[in-house]
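What follows is a short report on a single structure.
Each chain gets a letter, A, B and so on, in the order its sequence line appears, and its residues count up from 1.
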Number of protein chains: 2
Amino acid sequence: MQNQSTEDYIKGIYQLRRRTGAAVSTSDLARHLKVGDGSVTDMVKRLSAKKLLNYVPYKGVTLTEVGVKLAMKTIRRHRLWEMFLVRHLGYSWDEVHEEAERLEHVTSLELEERLDRALGSPSVDPHGDPIPTREGELKELIHPSVAECREGGRYRIARVSDESPEVLQYLKKLGLTLNKRIAIKQMIKFDGSVIVEWNKREIFLSGLMARNIFVEEA
Amino acid sequence: MQNQSTEDYIKGIYQLRRRTGAAVSTSDLARHLKVGDGSVTDMVKRLSAKKLLNYVPYKGVTLTEVGVKLAMKTIRRHRLWEMFLVRHLGYSWDEVHEEAERLEHVTSLELEERLDRALGSPSVDPHGDPIPTREGELKELIHPSVAECREGGRYRIARVSDESPEVLQYLKKLGLTLNKRIAIKQMIKFDGSVIVEWNKREIFLSGLMARNIFVEEA
DNA sequence: ATATATATTTAGGTAAGCCTAAATAATCGA
DNA sequence: TCGATTATTTAGGCTTACCTAAATATATAT
């Protein structure tokens, strides 16, 4: 793969931290970025010298205020591009991640503003992930996954994890996109899979699928 | 400035060669890319090893077939982006060069195709520069500059050099954009400046301006 | 044709990101 | 709490793209 940029490291740290809360270990970061452990220690020292993060050997890293700002800027640009590619260039939601991953790094403030304007300042991207504001504010939306729903409940699809294209492709094929309304028919405890009803059809979701689709009571 | 990529070197060679015809000297390339002479010799050897160009020490470089292909691809992406930024994001023609300079390097074939489709396969960019085809064909349009016109002649503005933002900004302020029709009122031999008429107004163009605006008999 | 000027290459260095293997620190189980 | 396992850092190297200054070609002018 291509070399990881400063922005990739910072974004990675931000995203891993959101999951775990605590400082991010260098080896977790290494796995996330698909580089060697030693490479991360190396890079992390440089980024620490640039005051983008705090590094305590053997303890992991946390972003500084400046680091968080950079993460927000990068995530904002990423999500604006995803939205733009879907709305203005006809991409589907499973095709935009990789493109945005590259475009986010070459986006000027001017371009960011124009993308935002062209989209009418959207608050979420095509997967339902919130887009940080121009000022770097991000309101994390906390939605339960389908795996945590109650049988018989009715929900609106609020977000789908963009980590695995497979989930996105499967849902695309079903037509089960953002904001669609579903009913939970059956929760299968044995393997965590779920049967939902949508559009008068019963749809089977594996446990993995169910854990990657997030909903809101409706 | 940022490091120059392989694509920048190849594109630079292509463009310099179009001007002079012969092999491109390493120092001309260095000036063009704003890097040291020694750096170019260095890079040129690497690109030669990759078969993108032919390098004869002390004689300069020429692109191989593969090199020309890469130049065409890069120029196509650059010009499609310029067109897209103008048509779909409201940029003006003097603002797009730098953005396109970055975007061209992170554009997948898929994205290239979608830009092209969204624009209806345009044949020229916002400055009138021809856009290479998908297959890498570029038909160079040869237009005389305003500095070479004949007094009293009537012309259509076919292309404006995108090298200097100043020219583009000046013309933008006048409203004198692509395809506008002008009449040559007076050629001033002394310093090469030209007085043209457009929209019932007389417009003064310095010699430098005149040499950067290209026209077609009309 | 030779000296001088100019163009080009070489040589030695730097910094960023990466790798692997060896060394060291932290953690966990008994 | 001690020893083993696991996590993390260090050390030594590689590649790319850059720089500057010195060396060497080439071109020019008399």
Scan [range] against DNA chain D and write down, sorted by residue number, each residue with any heavy atom closer than 4.0 Å; if none is found, say none.
range: residues 39-55 of chain B; answer: B:Ser39, B:Asp42, B:Met43, B:Arg46
range: residues 2-12 of chain B; answer: B:Asn3, B:Gln4, B:Tyr9
range: residues 63-73 of chain A; answer: none

Distance, rounded to the nearest Å, where [X] contributes [atom1] and [N] contributes [atom2]:
X: A:Leu29; N: C:dG17; atom1: CG; atom2: P; answer: 14 Å
X: A:Asp37; N: D:dT6; atom1: CG; atom2: P; answer: 15 Å
X: B:Tyr58; N: D:dT24; atom1: OH; atom2: P; answer: 9 Å

Inset, instruction - Look at the side-chain N and O atoms of B:Thr26 and state whether any lies under 4.0 Å from the OP1 or OP2 oxygen of C:dT9. - result: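 Looking at the OP1 and OP2 atoms of C:dT9, one of them is under 4.0 Å from a side-chain N or O of B:Thr26.
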
Do NZ/NE/NH1/NH2 and the carboxylate oxygens of [X] and [Y] come within less than 4.0 Å?
X: A:Arg211; Y: A:Glu148; answer: no
X: A:Lys11; Y: A:Glu104; answer: yes
X: A:Glu65; Y: A:Lys51; answer: no
X: B:Arg31; Y: B:Asp37; answer: no
X: A:Glu135; Y: A:Lys69; answer: no
X: B:Arg114; Y: A:Glu95; answer: yes

Inset, instruction - Kindly assign one of parallel, tilted or perpendicular to the pair B:His88 and B:Phe84, based on the angle between their ring planes and the thresholds 30° and 60°. - result: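 B:His88 vs B:Phe84 ring planes: parallel.
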
Legend entry - Criterion side-chain hydrogen bond (donor to acceptor under 3.5 Å, both in side chains) on A:Trp81 and A:Thr107, from CA distance to verdict: CA-CA 9 Å; A:Trp81 270 117; A:Thr107 305; 2.8 Å; yes

Inset, instruction - With rounding to the nearest 0.5 Å, note down the distance linking CZ in B:Arg46 to CG in B:Leu52. - result: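 One finds 12.5 Å between CZ of B:Arg46 and CG of B:Leu52.
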
Inset, instruction - Would you please indicate yes or no on a ring centroid separation below 6.0 angstrom for A:His78 and A:His97? - result: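 Ring centroids of A:His97 and A:His78 are less than 6.0 Å from each other.
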
